[in-house]
Protein chains: 2
Amino acid sequence: MATALKRKGGSKSEGTTRIQGINRRIILDAALEVFSAYGFRGSTIDQIATKAGMSKPNLLYYFPRKQNIYVTVLEDTLEEWLRPLDDIDPDGDPVEELRKYITLKLKMSEEKPEASRLFANEILHGAPAISDFLKGHLKKLVDEKATVIRRWVDERKLAPVDPYHLIFMIWATTQHYADFDVQVRAILGSQVNRPGFHEQTAQAVIGIILNGIKPRD
Amino acid sequence: MATALKRKGGSKSEGTTRIQGINRRIILDAALEVFSAYGFRGSTIDQIATKAGMSKPNLLYYFPRKQNIYVTVLEDTLEEWLRPLDDIDPDGDPVEELRKYITLKLKMSEEKPEASRLFANEILHGAPAISDFLKGHLKKLVDEKATVIRRWVDERKLAPVDPYHLIFMIWATTQHYADFDVQVRAILGSQVNRPGFHEQTAQAVIGIILNGIKPRD
DNA sequence: CTGCATTTTGACCAAGTAGTCAAGTTTTTG
DNA sequence: CAAAAACTTGACTACTTGGTCAAAATGCAG
């Protein structure tokens, strides 16, 4: 039989037991750590299994292929990662909405840098596992928000700016603090750990970008 | 004997022959392509050898370890990659100097995205091979330029802005177009290939950042 | 052209790793 | 509590891959 996970015949169609729920969660958490640190090819099933506290065959009982674990972690992460963009309110104040968005993205980079790195690594290597997602769901979402931003520009609520490049700039800048963390630390040294560092970062980033796009009369 | 490459005894101390010069160049070019596409762990010596048009043992005759090839490519790349920052003229016009710098970085991302990706991948995975370089040479260079920018701010030639975060933002944004190329393409589609796309990108990026840091009276 | 140094490679080895399997243990359920 | 289902794992296989080696081919100085 092909499917590894099944239930007693005729039972609920929802095919997960208590133990499955627990273990899949443990595995995915371990996998995020490992994959984000070493990349797909650089990670071994054994590493993930050890971090998850179980044997390799046991892990493979839940995810029969290494690819399966990877894709699942990636998809789970992606959904969460994009949500803030979706939450930009077309009827809000443009500058305020973008301030909120940038703040949120910086906070996510701070709190879950592994997610950012996992994603960055995937894209960097050509996004073999999610190119459909990029061209489909992501493009649609970005197109939508770009339209909103363009309207804001037309209404003179923002300086004339290309919406797509603005979005790229926000992504690039905010994720930089997660993806290039070691470089940031090498250059800034211990001040990265000082309290208030993240607020200071947010202020600097927001300052430049928002001043760059505020309408000039 | 430990050294693989040697010359006829007592000859010139410059230990490279004609063939060595040619082949090392070929290997390093092939290695940049392969490593930037697949990362260190994801690349095989065989891949590089094939792309270089020689057998694996032959490649290993020139670089006895996979690490050696990688580190050599990385160092060669790094030097070139940082040069534009070094070229910022402390006595030039601030806005003009930064415009030049951003333009140059965007051009490099367009013309040699592999170099950017190689570097991004290394940093993303903790920079095991170049952390000394980051904390030494790079930090020194950035500190130097940050001082210049800070002086420009003090002289009211730029709006008050944190020099380090400004530099990070420029790096992040310009390299984004190389490192996240597939994502940019997925979202913008065919217009990425239209003539003038890069000029348009430059204009958008420069527009936001420079407006963001121009002194406001 | 000769002989030595350099370059090249097929065949091989050892280590590491994805995935299998059959046999055990634990959990659930009637 | 007994049987069935779900879970767990040690031992194993097949394959990939970094690196070795000895012998052959080529380049080159005199």
Side-chain angles (χ1 to χ4, degrees), chain A residues 1-27 30-31 34-35 37-73 128-129, chain B residues 1-27 30-31 34-35 37-73 128-129:
Chain A
M1 182 163 276
T3 55
L5 307 174
K6 60 179 176 179
R7 264 229 131 197
K8 235 167 60 182
S11 174
K12 300 211 185 73
S13 66
E14 207 249 316
T16 67
T17 66
R18 186 182 60 89
I19 294 179
Q20 277 171 40
I22 295 169
N23 281 347
R24 288 177 63 98
R25 185 72 269 138
I26 291 174
I27 292 169
V34 175
F35 281 134
Y38 306 104
F40 179 74
R41 198 99 187 308
S43 304
T44 70
I45 297 181
D46 255 321
Q47 265 180 300
I48 300 171
T50 301
K51 186 151 295 207
M54 65 183 69
S55 67
K56 181 168 65 167
N58 197 16
L59 185 149
L60 286 164
Y61 171 74
Y62 292 100
F63 295 90
R65 308 275 148 191
K66 190 183 175 186
Q67 266 285 338
N68 297 155
I69 319 173
Y70 182 69
V71 171
T72 305
V73 176
Chain B
M1 180 162 279
T3 55
L5 304 174
K6 59 178 177 179
R7 263 230 129 196
K8 236 167 57 182
S11 174
K12 299 208 186 72
S13 66
E14 206 250 315
T16 67
T17 66
R18 187 181 58 90
I19 294 178
Q20 278 172 37
I22 295 169
N23 280 347
R24 288 177 63 98
R25 184 74 270 135
I26 291 174
I27 291 169
V34 175
F35 281 134
Y38 306 104
F40 178 74
R41 199 97 191 304
S43 304
T44 70
I45 298 182
D46 255 321
Q47 266 178 301
I48 300 172
T50 301
K51 185 153 296 207
M54 65 183 69
S55 68
K56 181 169 65 166
N58 197 18
L59 185 149
L60 286 164
Y61 171 74
Y62 291 99
F63 294 90
R65 308 273 149 193
K66 189 184 176 186
Q67 266 284 340
N68 297 155
I69 319 174
Y70 182 70
V71 171
T72 305
V73 176

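A, B, ... follow the sequence lines: proteins, then strands. Residue 1 opens every chain. Here the structure is a predicted model, which is why all the values come from computation and not from measurement.
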From A:Gln47 atom CD to A:Ile45 atom CD1, the distance as rounded to the nearest 0.5 Å: 11.0 Å
Distance check needed: [N] [atom2] versus [X] [atom1], whole Å only.
X       : N      : atom1 : atom2 : value
A:Ile19 : D:dT9  : CD1   : P     : 12 Å
A:Arg24 : D:dA6  : CZ    : P     : 15 Å
A:Asn68 : C:dA18 : CG    : C1'   : 12 Å
A:Ile69 : C:dT17 : CD1   : C1'   : 13 Å
A:Leu59 : C:dT17 : CG    : P     : 15 Å

Is [X] close enough to [N] that one of its side-chain N or O atoms is under 4.0 Å from OP1 or OP2 there?
X       : N     : value
A:Tyr61 : D:dC7 : yes
A:Thr17 : D:dC7 : yes
B:Gln20 : C:dT6 : no
A:Asn23 : D:dA6 : no
A:Asn58 : D:dT9 : yes

Would you tabulate the pairs of protein nitrogen or oxygen atoms and nucleotide nitrogen or oxygen atoms of nucleotides 23-25 of chain C closer than 3.5 angstrom?
none

B:Ser43 side-chain N/O to B:Val34 backbone N/O, donor-acceptor pair under 3.5 Å: yes
Nearest heavy-atom neighbours spanning [X] and [Y]:
X       : Y       : value
A:Leu59 : A:Ile48 : CD1-CG2, 3.7 Å
A:Gly42 : B:Arg41 : O-NH1, 2.8 Å
A:Ala52 : A:Ile27 : CB-CA, 4.3 Å

Candidate nucleotides C:dT8, D:dC28, D:dT9, ranked by approach to the side chain of B:Tyr62 - the nearest: C:dT8
Side chain of A:Arg18 (C-beta onward), nearest among C:dT9, D:dG27, C:dT27: C:dT27
Would you tabulate the pairs of protein nitrogen or oxygen atoms and nucleotide nitrogen or oxygen atoms of nucleotides 18-22 of chain D closer than 3.5 angstrom?
from, atom 1, to, atom 2, distance (Å)
D:dG18, OP1, B:Ser43, O, 3.3
D:dG18, OP1, B:Lys66, NZ, 3.2
D:dG18, OP2, B:Ile45, N, 3.0
D:dG18, N7, B:Lys56, NZ, 3.0
D:dG19, OP2, B:Lys66, N, 2.9
D:dG19, N7, B:Lys56, NZ, 3.4
D:dG19, O6, B:Lys56, NZ, 3.1
D:dT20, OP1, B:Arg65, NH2, 2.9

Partners passing side chain to side chain contact (heavy atoms under 4.5 Å, CB included) against [X] (at least two apart in sequence or in another chain):
X       : value
B:Ala37 : none
B:Thr50 : none
B:Phe40 : B:Phe35, B:Lys66, B:Gln67, B:Tyr70
A:Asn58 : A:Met54, A:Ser55, A:Tyr61, A:Tyr62

